[in-house]
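The basis for the numbers below is simple: all heavy atoms, side chains too, and nothing from hydrogens, waters or symmetry mates. Numbering starts at 1 and runs along the sequence shown.
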Amino acid sequence: RCQAVGIKAALAEDRHHVGARPIPDPDGIGEILHELNNPALAFDTPRRVDIYRAALERLDRRKRPVLWASLQDNLGVLLAESAESNRAERLEQAIEAFAQAVEMFAQSPMRMKWAATLVNLANAYANRVRGERPENGEIALQVCNEALEVLTIQSAPTEWARAMMT
């Protein structure tokens, strides 16, 4: 089918179907997640934040914990890296998103993702505007050390390097 109509057209036709059966979307977030992949939104941070939050509101974290944690982590990255106004507030929101993702990943077998999210949390604390700088630095160091119990230069060199640079 891809050769006949092209990859994009075939994927568009099959987006909601596997064979003759619809892909289950129990939380109704399929369209929301699809919108996040829209290249036109790549630089529209406020809209992307709204989309992540809408998906998280609909998603049952008990039924789909890994997806929920992944969305929280992605939201945290977006908030932490955003150039939008009120950096202090964005970093507080990013810390909250990362902390929630870490909590959920800790209950899953995805140890590398848990550790990578810890590195994101550590970076947010290292850049935190609110609070005492030495205390924020100490938290960042503790969180990084926890991540480095899982991340090694052999198993995850990029994440290990990010943790070492925090």
Side-chain angles (χ1 to χ4, degrees), residues 1-2 5-19 21-131 136 139-140 143 147 151 156 158-159 162-163 166:
R1 183 88 183 126
C2 288
V5 299
I7 292 173
K8 285 185 179 180
L11 288 174
E13 289 172 7
D14 292 337
R15 191 173 85 222
H16 294 294
H17 293 85
V18 176
R21 297 183 330 213
I23 295 173
D25 187 10
D27 303 298
I29 64 166
E31 286 300 316
I32 293 173
L33 295 177
H34 180 71
E35 189 175 353
L36 283 171
N37 291 321
N38 182 348
L41 289 178
F43 301 104
D44 188 351
T45 300
R47 177 70 184 131
R48 290 180 63 82
V49 167
D50 289 345
I51 294 169
Y52 274 110
R53 288 186 172 143
L56 287 161
E57 284 178 18
R58 286 193 184 179
L59 194 60
D60 185 340
R61 72 188 275 173
R62 293 175 311 254
K63 291 182 182 176
R64 300 175 77 183
V66 172
L67 177 58
W68 188 88
S70 295
L71 290 172
Q72 284 286 5
D73 186 39
N74 289 345
L75 174 61
V77 169
L78 190 61
L79 289 164
E81 294 178 354
S82 171
E84 299 295 316
S85 64
N86 202 343
R87 181 172 185 249
E89 181 58 31
R90 281 184 297 97
L91 284 170
E92 293 304 307
Q93 292 173 15
I95 287 169
E96 179 63 26
F98 291 138
Q100 289 187 41
V102 164
E103 180 183 326
M104 195 60 69
F105 280 132
Q107 301 169 25
S108 82
M110 300 182 69
R111 300 294 291 167
M112 289 295 190
K113 186 63 178 158
W114 170 80
T117 304
L118 279 172
V119 174
N120 290 339
L121 179 59
N123 279 314
Y125 269 107
N127 293 312
R128 190 177 190 198
V129 175
R130 294 186 182 155
N136 291 335
I139 294 169
V143 170
L151 300 173
T158 302
E159 290 302 324
R162 282 186 62 230
T166 297

Open item on the list: Among residues at least two apart in sequence or on other chains, which ones pass side chain to side chain contact (heavy atoms under 4.5 Å, CB included) with Ala88?
Closed with: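 Checked Ala88 against side chain to side chain contact (heavy atoms under 4.5 Å, CB included); matches are Asn86, Val129, Arg130.
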
If we only count heavy atoms from C-beta on, is the [X] to [Y] side-chain gap below 4.5 Å?
X: Glu89; Y: Gln93; answer: yes
X: Arg90; Y: Arg87; answer: yes
X: Lys113; Y: Val66; answer: no
X: Leu36; Y: Asn74; answer: no
X: Leu67; Y: Leu71; answer: yes

Could you report the tightest heavy-atom contact between [X] and [Y], atom names first, then the distance?
X: Asn127; Y: Leu91; value: O-CD1, 3.1 Å
X: Leu151; Y: Ala115; value: CG-CB, 3.6 Å
X: Val119; Y: Ala163; value: CG2-CB, 3.7 Å

Open item on the list: So, applying side-chain contact (heavy atoms from CB on, under 4.5 Å) with Val143, which one of Val102, Asn123, Leu121 is it?
Closed with: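 Single side-chain contact (heavy atoms from CB on, under 4.5 Å) partner of Val143 among Val102, Asn123, Leu121: Leu121.
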
Open item on the list: Applying salt bridge (charged side-chain N to carboxylate O under 4.0 Å, His left out) as the test, list every pair that has at least one member in residues 53-63; sequence neighbours left out.
Closed with: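 Every pair satisfying salt bridge (charged side-chain N to carboxylate O under 4.0 Å, His left out) with a residue in residues 53-63: Asp60-Arg62, Arg61-Glu103.
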
Task: Cation-pi, Trp114 ring and Arg111 (6.0 angstrom, 45 degrees) - done: yes

Open item on the list: Applying side-chain hydrogen bond (donor to acceptor under 3.5 Å, both in side chains) as the test, list every pair that has at least one member in residues 42-52; sequence neighbours left out.
Closed with: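 Listed by first then second residue: Glu35-Arg47.
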
